[in-house]
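Note sheet for the following structure.
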Amino acid sequence: MAVDTAPAVTTPAPSQQSLKPTPRWRSREALTAWLFILPSLIGFLIFTAGPVVAAGVISLLNWNLFSAPTWAGLHNFARLGPDPTFWSALGNTAYFTLVSVPLTILVSLALALLLNQGVRRVAVLRSLLLLPYATITVAVAFVWIWLYIPHDGLVNAVLGWFGINGPEWLISDNWAMPALILMSVWKSFGFGMVVFLAGLQAIPQQLYEAGRVDGTSPWNSFRHITLPMLSPALFFVIVTSVIGSFQVFDQALIMTNGGPGTRTTTLVMYIYRTGFENYDQGYAAAQSLVLFAFIVVITAGQFLFQRRLVHYDN
Amino acid sequence: MSTLLSRRRFLELTGLAGLGAAAAGTVAGCSSGPPSGAATWSMWSSSAAEKKVWDDFGKYVEQQLDVKSVATLTPSNGYPTKLDLQLVSGTASLVTALNGTLIPTYAARGAHRPLDDLIAADPDFKLDDFYETSQRISSFNGKTYAIGFDVAPTVMYYNKDLLTTQGIPLPSRTEPMSWATFRDLCKQLTKPGQQYGFTCAPAIDDLVSWIYCAGGNVMSDDGGRSTLGDPEAMEALQYVIDLFVKDKVTPPIKNLVTESSLSNFMQGNVAFMQNGPWQVVNARKAKFDWDIIPFPAGSAGSKPRVSGSSFAIPSGVRDGAELDLAWKLMKTLTSTGALDIYAKAGRNNPARLSAGSAFQPPPDNLGIVQEILAGKLAGGHAFDVTTNWNQVKQLLGQDLPRTFLGQVTVPDAINGLTPRLDILMRQHLDTVRQATARKG
């Protein structure tokens, strides 16, 4: 005997049938959400999207701020090719990023792992380690200038205890950029450390217990449990750190003013000088757009890699 | 009685409060400008002592003009950028202070108006009362674009105690010593690691005085090419760099940003410091006896750079009552009365001959600055700059400091810089041509 197993369908009443369902974007929750997002959205449109569009327009002009702008077409972009300072600044920025980001992440991760081992007074330690990140870069930069003084500075004094004759940090062709990187790592590891610590504390302990039952070594436990579970946090820190590094400006301006020569002139510093010291707004806008394009491409690349390397627990 | 808010009511109230705050902010923003008819002026100010002087200027303006004085004070390093944005957005003050090195830059871009018509139409205003070098610094392309409030030549400070302790006779207060004598003295006074003969900043601003004294310049007379490679300029550059690298009579350079000749001198172990009289107010804090003497004379004599600052009127101030008030304000800010306030504060040498001396002892050698400016003693050379001086200075700031460190030789640095400097000089000439054409 055939049994009717079809699910019962509730037929709407005639009056209900005539009413169209409210679209999701018009629901009360959605409207509330839009209301809360609106200030941020307006801010984004005015202070982020607007300037990007404006930079696009200005990059096609010759404009010294005062005289009426004249049409330049793509000339400002063509100027980038033969400009040695632009390429040098781009190279310096890439060098800074390639060294400072991995170093910062290593230090942040190491400290987060340490603090996650049930260290006593972890809250106090965490706050202390976060202090450099919370301090204004300008103030920190001035302190580090003092630390880097070749003969009497603390950095070389400490190196001296180990029999190392420290370099003339900020005035050396070879050491000025590493000096900036060292300071930047110290300044920014706190942010990554807090994110990693939060990620570590969210990893279910059962996974480690299962690993211990299976006789997993600490290294394998880190490699096969901690790293995959931490990968979303790692991805977030890498993306934000790379973007931040490409925009490095204040510490280089204060500690070396881009020197010696152009060894520490960063791209943002060069853009600022072009626009506001040399009054060449069109060329500065073209440089900004190129920097923007670099950041977009690199970030997009990271998001592509994310699919293969980042593990989400859901 | 307590009232519970529903979620919906709470959201409504939150939204209304937000809108109210935004509206209040907008209204407040719209009404935050200076009152109509106020005498507005912009100035840099980086310390409480400087602010005090400008506050006194404000009181003097109100007393003289019987209108409200509104001064916009900005730290000196951010001043040009802020001024640019104010000029472009039409929110600049009626009168704005300008560093002399930037007057041609602003004038050539049409950011400030020439003042010759206002000067000619005002029988009460006498430009002759301003030192000639101040007038030169404040001019561009044959027109007066600004009126000076301070002007000063670079002089040589020296530590009297140090020389006396070493048994070295004090140098003449009126006769500049020769470069050879100066180098010998510096060597004699140097004890490596403990005591040094000389200090100056590793930058073109300080090098240029030596270049003028050797008969050279940064650019040719028409401003069309770099002359740093000419024998006179090279002789001067080599002389100073040798003091650092070969003779080692200077304190070691620790970094290229905060390196300060004043802080080196104030430690009490440096015999001579090249600097402007604007540092007198700070040098008075020294715990040793010191004085100032004329700048050492090169083959062209003692002709150090003369720097200064001025007030100018933005070109957005066009005519009628606004321009009238701007000119009255300009005259008041650069009047003998106002510059006497400046002089009494000892900030720097006033730009007017009729204003009082900025200096009380120390230094003992009072009046040397005025005598140099008046052409009675040694000499001075107005700081020659181009209409793109920021770019020239930026380029020179790249490789020239490396010569002070011995990383690059002077000929290598100049040979590397000259082609790029020449491009900037040609751009400067083009700008001058365009500015001339614009004036019709």
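The chains referred to below are lettered A, B, ... by the order of the sequence lines, with proteins before strands, and numbering in each begins at 1.
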Output the option from [options] having the highest count of non-hydrogen pairs under 4.5 Å with chain B.
options                        : value
A/N257, A/T262, A/D173, A/I145 : A/D173
A/P39, A/P260, A/G275, A/G259  : A/P260
A/I149, A/T265, A/D152         : A/I149

Atom pair OG1/OH of B/T96 and B/Y79 - distance to nearest 0.5 Å =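 Output value for this atom pair is 4.5 Å.
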[X] versus chain B, the contacting section by heavy-atom distance below 4.5 Å:
X      : answer
A/D280 : neither
A/Y148 : neither
A/L38  : neither
A/L170 : side chain

Close side-chain approach of [X] to [Y], heavy-atom, < 4.5 Å:
X      : Y      : result
A/P167 : A/N174 : no
B/H112 : B/F140 : no
A/R273 : B/Q394 : yes

Is it the side chain or the backbone of [X] that comes within 4.5 Å of chain A heavy atoms, both, or neither?
X      : answer
B/L87  : both
B/T105 : side chain
B/N255 : both

Side chain A/T274, main chain A/A284, donor-acceptor under 3.5 Å = no
task = Against chain A, work out which of B/A413, B/A111, B/P80 has the most heavy-atom pairs shorter than 4.5 Å and name it.
result = B/A111
key: Largest heavy-atom contact set with chain A, pairs under 4.5 Å, which of B/T81, B/L85, B/V257   =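 So the answer, after comparing B/T81, B/L85, B/V257, is B/V257.
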Charged tip of B/R109 within 45° of A/F66 ring normal and under 6.0 Å = no
query = What are the two closest non-hydrogen atoms of A/S59 and A/A285, and how far apart are they?
reply = N-CB, 3.6 Å
inquiry  = If you count heavy atoms of other groups shown closer than 6.0 angstrom to CZ of A/F77, is the number above 12?
reply    =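 Yes, CZ of A/F77 has more than 12 neighbouring heavy atoms, counting only those of other groups under 6.0 Å.
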